[in-house]
Number of protein chains: 2
Amino acid sequence: MLSKKTKYGLKALTFLAKQEEKKPIQIIEIAQAENISQKFLETILLSLRKSGFLGSKKGKGGGYYLIKDPKEIQMIAVMRVLEGPIAMVPCVSLNFYETCDDCPDENSCGVHKLMMQVRDANLEVYKNTTLYDLIS
Amino acid sequence: MLSKKTKYGLKALTFLAKQEEKKPIQIIEIAQAENISQKFLETILLSLRKSGFLGSKKGKGGGYYLIKDPKEIQMIAVMRVLEGPIAMVPCVSLNFYETCDDCPDENSCGVHKLMMQVRDANLEVYKNTTLYDLIS
DNA sequence: TATTACCCTATAGATTTTATAGGATAAACA
DNA sequence: TGTTTATCCTATAAAATCTATAGGGTAATA
């Protein structure tokens with residue numbers, strides 16, 4: 001299952017990407033438009049800013065805005081920040097690799113084999129999709 | 001993340017598929033070979049039996065065994081039983097479709113668009129992989 | 001300096017996952 | 001026929017994770 005965090009994060013990003021002007025948008029405006037709890041969204045946007053996707057401005061007229069062009073934002077990077085590793089098991093993760101305690105030999109493990117294929121299929125999608133693709 | 005239930009279920013299935021003779025194998029033997037809690041595995045095997053993947057025999061000499069040839073067992077069916085829907089959001093699920101309360105229009109929803117592609121990529125893998133592929 | 005709106009961490013509440021308990025049922029075999 | 005063996009089945013406890021909120025801090029604007 002996709003977490004609400006990821007879902008809301010993606011919705012916020014698409015909302016910002018759809019803006020004509022690139023001026024800051026308030027959290028509350030995004031929250032209302034996308035039916036998201038404002039406080040929850042606040043923490044999500046914060047992590048997106050810390051990850052380099054968003055910029056922010058404080059005070060009156062403040063809010064969040066996209067730093068990069070939507071065409072330059074790959075879903076693979078967004079998903080890793082919001083949802084975590086692409087792989088469904090750590091033993092096939094490219095960025096968060098860990099051995100399984102219970103598994104004596106990865107190469108003869110059927111789960112490993114299957115999950116490698118699943119990982120690759122997902123990587124393919126996320127690498128070839130940008131934020132722009134989601135709004136067009 | 002892949003749940004332990006799914007991981008253990010897949011391991012049990014591959015263990016059974018690897019058997020030369022197709023006589024019943026006791027839960028405890030699978031549990032020990034694959035480092036799984038016996039009682040937890042018991043509930044997993046039960047659901048695999050109820051779903052038609054396994055047969056069982058009670059009493060001395062009893063245990064679980066595969067009903068079909070590993071080449072006839074598609075991962076798509078196994079995954080749906082163990083892990084649930086393939087789709088990451090109900091609004092793109094083929095078998096468990098539900099609308100999102102928060103989303104006024106699926107067709108203009110970026111999350112929907114992305115998750116359709118992810119679903120299709122995963123379906124492709126799970127449909128084209130059999131239990132036999134995992135042990136060979 | 002008052003107001004606005006993001007910053008940040010901790011933690012409460014809800015849900016799901018993981019695992020166990022404990023007896024019921026059925027088959028094998030002496 | 002009675003004992004042993006091993007699955008059947010449901011409820012529930014324990015743990016982990018996800019979702020959401022609280023509540024004050026900080027910086028920018030006017």
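A note on names: the letters A, B, ... follow the listed sequences, proteins ahead of strands, and every chain is numbered from 1. What's counted below: heavy atoms across the whole structure, side chains too, no hydrogens, waters or symmetry copies.
- Within the structure, every pair that satisfies the salt bridge (charged side-chain N to carboxylate O under 4.0 Å, His left out) test and touches residues 97-112 of chain A, not counting sequence neighbours, is listed here: Asp102(A)-Lys7(B), Asp102(A)-Lys11(B).
- Residues in residues 107-124 of chain B take part in no salt bridge (charged side-chain N to carboxylate O under 4.0 Å, His left out) pair, two or more places apart or across chains.
- Backbone-only engagement by Ile27(B) is indicated by non-hydrogen atom pairs under 4.0 Å involving sugar-phosphate atoms exclusively.
- Listed by first then second residue, pairs satisfying salt bridge (charged side-chain N to carboxylate O under 4.0 Å, His left out) with a partner in residues 35-51 of chain B read Lys39(B)-Glu42(B), not counting sequence neighbours.
- Protein atom CG of Leu45(A) is 9 Å distant from nucleotide atom P of dC7(C), rounded to whole Å.
- Scanning both residues, Ser136(A) and Tyr132(A), for their nearest heavy atoms gives OG-O, 3.1 Å.
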When you compare the protein's N or O atoms with those of nucleotides 17-20 of chain C, which come within less than 3.5 Å of each other, and at what distance?
| residue | atom | partner | partner atom | Å |
| --- | --- | --- | --- | --- |
| dT18(C) | OP1 | Lys4(B) | N | 3.1 |
| dT18(C) | OP2 | Lys4(B) | N | 3.2 |
| dT20(C) | OP2 | Ser37(B) | OG | 2.7 |

Taking only distance into account, with no hydrogens and no angle test, what donor-acceptor pairs under 3.5 Å do side-chain atoms of residues 15-32 of chain B form with protein atoms, sequence neighbours excluded?
| residue | atom | partner | partner atom | Å |
| --- | --- | --- | --- | --- |
| Gln19(B) | NE2 | Phe15(B) | O | 3.2 |
| Lys22(B) | NZ | Ala17(B) | O | 3.4 |
| Lys22(B) | NZ | Gln19(B) | O | 3.3 |

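- Protein atom CD1 of Ile44(B) is 14 Å distant from nucleotide atom P of dT7(D), rounded to whole Å.
- The side chain to side chain donor-acceptor pair (under 3.5 Å) check on Thr14(B) picks up nothing, with sequence neighbours excluded.
- Sorted by first then second residue, the ring-ring contact (aromatic ring centres under 6.0 Å, His included) pairs that include residues 32-62 of chain A, not counting sequence neighbours, are Tyr8(A)-Phe40(A).
- Residues from residues 46-64 of chain A that place a heavy atom under 4.0 Å from any atom of DNA chain C, listed by number: Leu46(A), Arg49(A), Lys50(A), Ser56(A), Lys57(A), Lys58(A), Gly59(A), Lys60(A), Gly63(A), Tyr64(A).
- Listed by first and then second residue, the ring-ring contact (aromatic ring centres under 6.0 Å, His included) pairs involving residues 88-110 of chain B amount to none (not counting sequence neighbours).
- The distance between atom CD of Glu29(B) and atom C1' of dT7(D), rounded to the nearest whole Å, is 15 Å.
- Per the geometry, NZ belonging to Lys23(A) stands 16 Å off C1' belonging to dT29(D), to the nearest Å.
- dA24(C) atom P lies 15 Å from atom CD of Glu42(B), rounded to whole Å.
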